[in-house]
Amino acid sequence: MNSLIKITARCLRSGAPAYLPRPADGRAWSAPARFLCADVKKDLGEMVKKDKVVVFMKGTPAQPMCGFSNAVVQILRMHGVDEYAAYNVLEDQDLRQGVKDFSNWPTIPQVYFNGEFVGGCDILLQMHQNGDLVDELQKLGISSALLNAEKESK
Amino acid sequence: MKVSYITSLAFIYTHFFSDMAITADHIKDKLIKELAAVHVDVEDTSQNRCAASFKVLVVSPQFEGKQLLQRHRMVNTCLADELKEIHAFEQKTLTPEQWEKQKAQ
C-alpha cells in the first residue's frame with residue numbers, strides 16, 4: 001500500500017518537471033500580464049488586439065520551456081519577426097487555462113495575427129513550409145526576412 | 001484477508017491508472033469513427049512522462065475545402081475529452097488527395 005502511494009506521488013511530481021516559473025527577463029515585450037481581476041476573457045480580448053503578432057507560450061522567446069513553443073519562436077525569428085508580444089503561461093495559471101478557453105484551443109503555444117487566432121505550432125510550421133506565412137505577414141504589414149531573401153536571389 | 005488485500009490493491013491500481021487508457025488505438029478508433037478517416041497514424045510520444053503525448057496523422061475526405069485551422073478544430077472537437085488529459089498534441093490533417101501526393105514523393 002505504501003509503495004503504491006509512493007509510486008503515485010512520484011508520478012504526480014514528475015508530471016511537473018522543469019515547468020517552474022522563471023523570472024521574466026527585463027525586456028518590455030516579454031513582461032507577463034498580471035491578472036488581478038477574474039475577467040481574464042476581457043483582458044485576453046485586449047491582449048490579442050494590442051499587438052500585430054501575439055504568442056502565448058511556455059517560457060519566453062529568450063528561454064522557451066517547451067519544444068513546440070521554441071519552434072514557434074524559431075519560425076518567427078527566421079522570418080525576421082523580432083517584435084511581438086509573448087506571454088508566458090507558466091507564470092500565470094489563470095492565463096494558461098484562460099487562453100485555452102478563450103481560443104477554444106487545447107494546447108500551448110497559441111499564435112494570434114491582428115487579433116485573429118492562427119493556430120498552434122503545427123499550423124505555423126505548415127504555413128511556413130508552404131509559403132503562406134510570408135503572405136500572412138505581408139498582410140500585417142510585416143516584410144518577412146525570407147521574402148526579402150527571395151527577392152534578392154532573383 | 002490476503003485475497004481482499006490484493007483485490008483492493010488491484011481496484012486502486014486500475015482506478016488510479018485507468019486514465020492511462022487513453023491509448024493510441026482508442027484515439028485512432030475515435031478519429032476513424034467520427035471523422036470518416038480513411039487513414040490514421042497515431043504515435044504515442046509520451047516518452048518517459050506520465051503525461052500522455054500524441055502525434056497524429058488524419059486523412060479524411062471531410063477535410064476537403066476546409067482551411068487548416070478548421071481541420072484542426074474538427075480533430076480537437078472529436079478528441080475534446082481526451083485532450084483534457086493529454087499533455088502535448090501534434091496533428092497533421094490531409095485530404096485523401098493530399099495524402100496520395102505525399103506518399104508519391
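Proteins come first, then strands; the chains are lettered A, B, ... in the order of their sequence lines, and each starts at number 1.
- For the pair A:Q126 and B:Q91, the tightest heavy-atom approach, listed with the atom from each and the gap, is NE2-O, 4.0 Å.
- Under the 4.5 Å side-chain contact rule for hydrophobic residues, A:I123 and A:I75 share a cluster.
- Counting heavy-atom neighbours within 6.0 Å of B:K33 NZ, excluding the residue itself, gives a total of 12 or less.
- Cluster membership check: A:I108 shares its hydrophobic cluster with A:L76, using side-chain heavy-atom separations under 4.5 Å among Ile, Leu, Val, Met, Phe, Trp and Tyr.
- A continuous path of Ile, Leu, Val, Met, Phe, Trp and Tyr side chains, each step under 4.5 Å between heavy atoms, connects A:L137 with A:V72, placing both in one hydrophobic cluster.
- Summarising the local packing, NZ of B:K30 is surrounded by more than 12 heavy atoms from other residues, nucleotides or ligands at distances under 6.0 Å.
- By the criterion of side-chain heavy atoms lying less than 4.5 angstrom apart, applied directly or through intervening Ile, Leu, Val, Met, Phe, Trp or Tyr residues, B:L94 is not grouped with B:M74; the two fall into different hydrophobic clusters.
- Residues A:F68 and B:L57 fall into different hydrophobic clusters, defined by Ile, Leu, Val, Met, Phe, Trp and Tyr side chains chained together at heavy-atom separations under 4.5 Å.
- Heavy-atom proximity under 4.5 angstrom to chain A picks out B:L68, B:L69, B:H72, B:R73 from residues 62-73 of chain B.
- Remark: B:Q98 CD is packed, more than 12 non-hydrogen atoms of other residues, nucleotides or ligands lying under 6.0 Å away.
- How far CG of B:N76 is from OG1 of A:T107: 7.0 Å, rounded to the nearest 0.5 Å.
- Contact of A:D132 with chain B is not made at all, since no heavy-atom distance falls under 4.5 Å.
- Contacts between residues 113-122 of chain A and chain B, defined by a heavy-atom separation under 4.5 Å, are made by A:F117, A:V118, A:G119, A:D122.
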